[in-house]
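Structure first, then comments.
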Amino acid sequence: MAHHLQASVPVNIHLTTSIEHEGEKEVFELMLSGEFQEKNGSFFLKYNEVQEEGTIQTVVKFSDQSAVILRSGAVNMRLPFHEKEQMNGSYTSPHGTLAMSTRTSKLLHSRTYNESRLEGRLQLDYHLLMQGTAVGSYTLDLLFKST
């Protein structure tokens with residue numbers, strides 16, 4: 001496998017999200033299947049989540065300094081991240097659009113290729129604000145492996 005993946009590679013994704021707010025901590029884990037692609041120095045992970053409202057397509061685009069999570073379908077969300085900077089995004093549901101912003105304290109990613117296997121990880125630590133109000137500090141840990 002070349003180190004530049006123009007084609008998408010099927011991956012298994014293990015997504016762990018921790019949310020801390022006012023002393024309470026919640027952890028959510030999801031096992032998903034998706035695909036990974038490398039394009040022009042950026043990396044893309046794509047997966048679908050099935051929720052009560054319907055299916056949500058998610059694309060996580062990341063590079064050394066920044067990342068963005070794009071969700072479309074039952075909800076539409078654009079959530080950008082840049083280490084040490086506050087970034088503005090939005091969340092649109094049938095109930096309307098909310099302004100969201102992130103303050104990212106950590107953005108790390110790594111990936112290794114050996115023979116025909118790919119393994120990678122994206123970690124994001126950020127504070128999330130909705131309409132200017134802090135709603136918690138989030139840790140997102142995304143592990144992916146070629147199937």
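Values in this document were obtained by computation on a predicted structure and should not be read as measured data. Side chains included, hydrogens not; waters and symmetry mates left out as well; all remaining heavy atoms used.
Tyr138 has its side chain out of reach of Leu124: every pair of non-hydrogen atoms, C-beta onward, lies at least 4.5 Å apart. Contact of the Leu122 side chain with the Val60 side chain is registered, since non-hydrogen atoms from C-beta on lie closer than 4.5 Å.
Lys46 places no side-chain N or O within donor-acceptor distance of the main-chain N or O of Thr58, the cut-off being under 3.5 Å. Checking side-chain atoms of Ser63 against main-chain N and O of Ser42 turns up no donor-acceptor pair under 3.5 Å. A distance-only check finds no donor-acceptor pair linking the side chain of Thr102 to the backbone of Thr104 [under 3.5 Å]. Remark: the backbone N or O of Leu118 is paired with a side-chain donor or acceptor of Ser146 at under 3.5 angstrom.
The heavy-atom pair separating Pro94 from Ala74 by the smallest distance is CD-O, 4.2 Å. The two residues Pro80 and Gly89 make their nearest non-hydrogen contact at CD-CA, 3.7 Å. Smallest separation of non-hydrogen atoms from Phe36 and Arg111: CZ-CD, 4.1 Å. Here the shortest heavy-atom pairing between Ser105 and Glu83 reads O-OE2, 3.9 Å. Nearest heavy atoms, Leu107 versus Asp64: CD2-O, 3.9 Å.
Aromatic ring orientation, Phe62 versus Phe43: tilted (interplanar angle from 30° to 60°).
Atom-to-atom distance recorded for Arg103:CZ and Glu85:CD is 13.0 Å, nearest 0.5 angstrom. One distance of note links CZ of Phe81 with NZ of Lys106; it measures 14.0 Å at 0.5 Å rounding. Going from atom CG of Leu70 over to atom NZ of Lys61 covers 8.5 Å, rounded to the nearest 0.5 Å. For the atom pair CG (Leu98) and CE (Met77), the distance works out to 11.5 Å, reported to the nearest 0.5 Å.
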Which atom pairs, one a donor and one an acceptor, fall under 3.5 Å between side chains of residues 126-135 and the rest of the protein, sequence neighbours left out?
residue	atom	partner	partner atom	Å
Gln131	OE1	Ala99	N	2.5

Which pairs would a plain distance check flag for residues 13-34, meaning a side-chain donor or acceptor within less than 3.5 Å of a matching protein atom at least two apart in sequence or in another chain?
residue	atom	partner	partner atom	Å
His14	NE2	Glu29	OE1	2.4

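For the salt bridge (Lys or Arg N to Asp or Glu O under 4.0 Å) test, no residue two or more places apart in sequence or in another chain qualifies with Arg78.
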